[in-house]
Amino acid sequence: MSFTVAIDGPAAAGKGTISKAIAFDFGFAHLDTGLLYRAVGALVAEGKDPILAARELKPSDLERGGLRTMGAGQAASRVAAIPEVRAALVDFQRSFARKEGGAVLDGRDIGTVICPQAEVKLFVTASPEVRAHRRWLEVGGDEAEVLAQVKERDRRDSDRATAPLIPADDATIIDTSFMSIDDAVAKASALIREAIRKMNN
Ligand code: DC
């Protein structure tokens, strides 16, 4: 059986945490698609051509250090605006989504472009201020600067011509600004259980 959960949303909205919890609870495979773009961004920082880097990306590239930093996120967001980079990563994501036993993918365009037929689509969001505060608690430094970076990345991810960050028409929006992570996971789990029940009927 294949069953795909698509979880999209802006940086630091909680989609990674929700995805991991869902994958664990339901026994689904999990792909953090942001990591693909972060790895391409890191290779570009070393002088590689972005399109070649995406076409030749290897599993070991996803395991390199330093991919979780704010700088790596900005580099990822820049290469993610290149249509050929996105195109090179489509097949890998689509075949992951159809893995036997179910899969959850989190990113920006999973419900709109990669898996428009996903059985469950969620769009996890929160206000820029709340997201910047969460990120600042992780990375420290100047909170105003973290907010400026969050807003810059939102703008770049949302305004790009190819696969911009927007909710799919049939996605359920989960706003985590004033919601605990446990409540967000419970809401996502309820939607998934309902979709599985419908599929089995
Ligand atoms: O989810 P993340 O913060 O790790 O993503 C890093 C960047 O990668 C994000 O700013 C935009 C890009 N990205 C994308 O364009 N499409 C995806 N499916 C995932 C990430």
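Below, each value reflects all heavy atoms present in this structure, side chains not excepted, and no hydrogens, waters or symmetry copies. Both ligands and their constituent atoms are indexed starting at 1 by order of listing.
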Q: Give the single entry among Gln93, Gln74, Arg108 that approaches atom 17 (C) of ligand 1 most closely by any heavy atom.
A: Arg108
Q. Can you tell me how far CG of Asp154 sits from CZ of Arg108, rounded to the nearest 0.5 angstrom?
A. 8.0 Å
**Q.** Heavy-atom gap Arg160 to ligand 1 smaller than 4.0 Å
**A.** yes
Q.
Give me the nearest non-hydrogen protein atom to atom 4 (O) of ligand 1 as residue plus atom name, then the distance to 0.1 Å.
A. Arg38 NE, 2.6 Å
Q. For residues Asp182 and Ser180, is any side-chain donor paired with an opposing acceptor at under 3.5 Å?
A. no
(Q) Please list, in number order, the atoms of ligand 1 under 4.0 Å from a heavy atom of Lys15. (A) 1 (O)
Q | Side chain Arg160, main chain Ala81, donor-acceptor under 3.5 Å | A | no
Q) In terms of heavy-atom contacts, does CG of Asp169 have more than 12 from other residues, nucleotides or ligands at under 6.0 Å? A) no
**Q.** Glu138, CD: over 12 other non-hydrogen atoms inside 6.0 angstrom
**A.** yes
Q: Would you tell me which option among Val40, Leu165, Asp157 has the nearest heavy-atom contact to atom 10 (O) of ligand 1?
A: Asp157
Q) What distance separates Ile51 CD1 from Arg55 CZ, expressed to the nearest 0.5 Å? A) 6.0 Å
Q.
Suppose we measure from atom 19 (C) of ligand 1 to each protein heavy atom; which comes out shortest, and what is that distance?
A. Thr33 OG1, 3.4 Å
Q. Any idea which heavy atoms bring Val40 and Ala54 closest together, and the distance?
A. CG2-CA, 3.9 Å
Q. Would Arg86 count as a contact of ligand 1 if the rule is a heavy atom under 4.0 Å away?
A. yes
Q.
I'd like to check which ligand 1 atoms, numbered from 1 as shown, lie under 4.0 Å from a non-hydrogen atom of Ala80.
A. 12 (C), 15 (O)
Q) Which residue holds the protein heavy atom closest to atom 8 (O) of ligand 1, what is that atom called, and what is the gap in Å? A) Tyr37 CB, 3.5 Å
Q: Give the atoms of ligand 1, by number and element, whose distance to some non-hydrogen atom of Arg153 is under 4.0 Å.
A: 3 (O), 5 (O), 6 (C), 7 (C), 9 (C), 10 (O)
(Q) List ligand 1 atoms under 4.0 Å from Ala76, heavy atoms only on the residue side. (A) 6 (C), 7 (C), 8 (O)
Q.
Checking side-chain polar atoms at under 3.5 Å, does Arg156 have a donor or acceptor matched by the opposite partner on Ser77?
A. yes
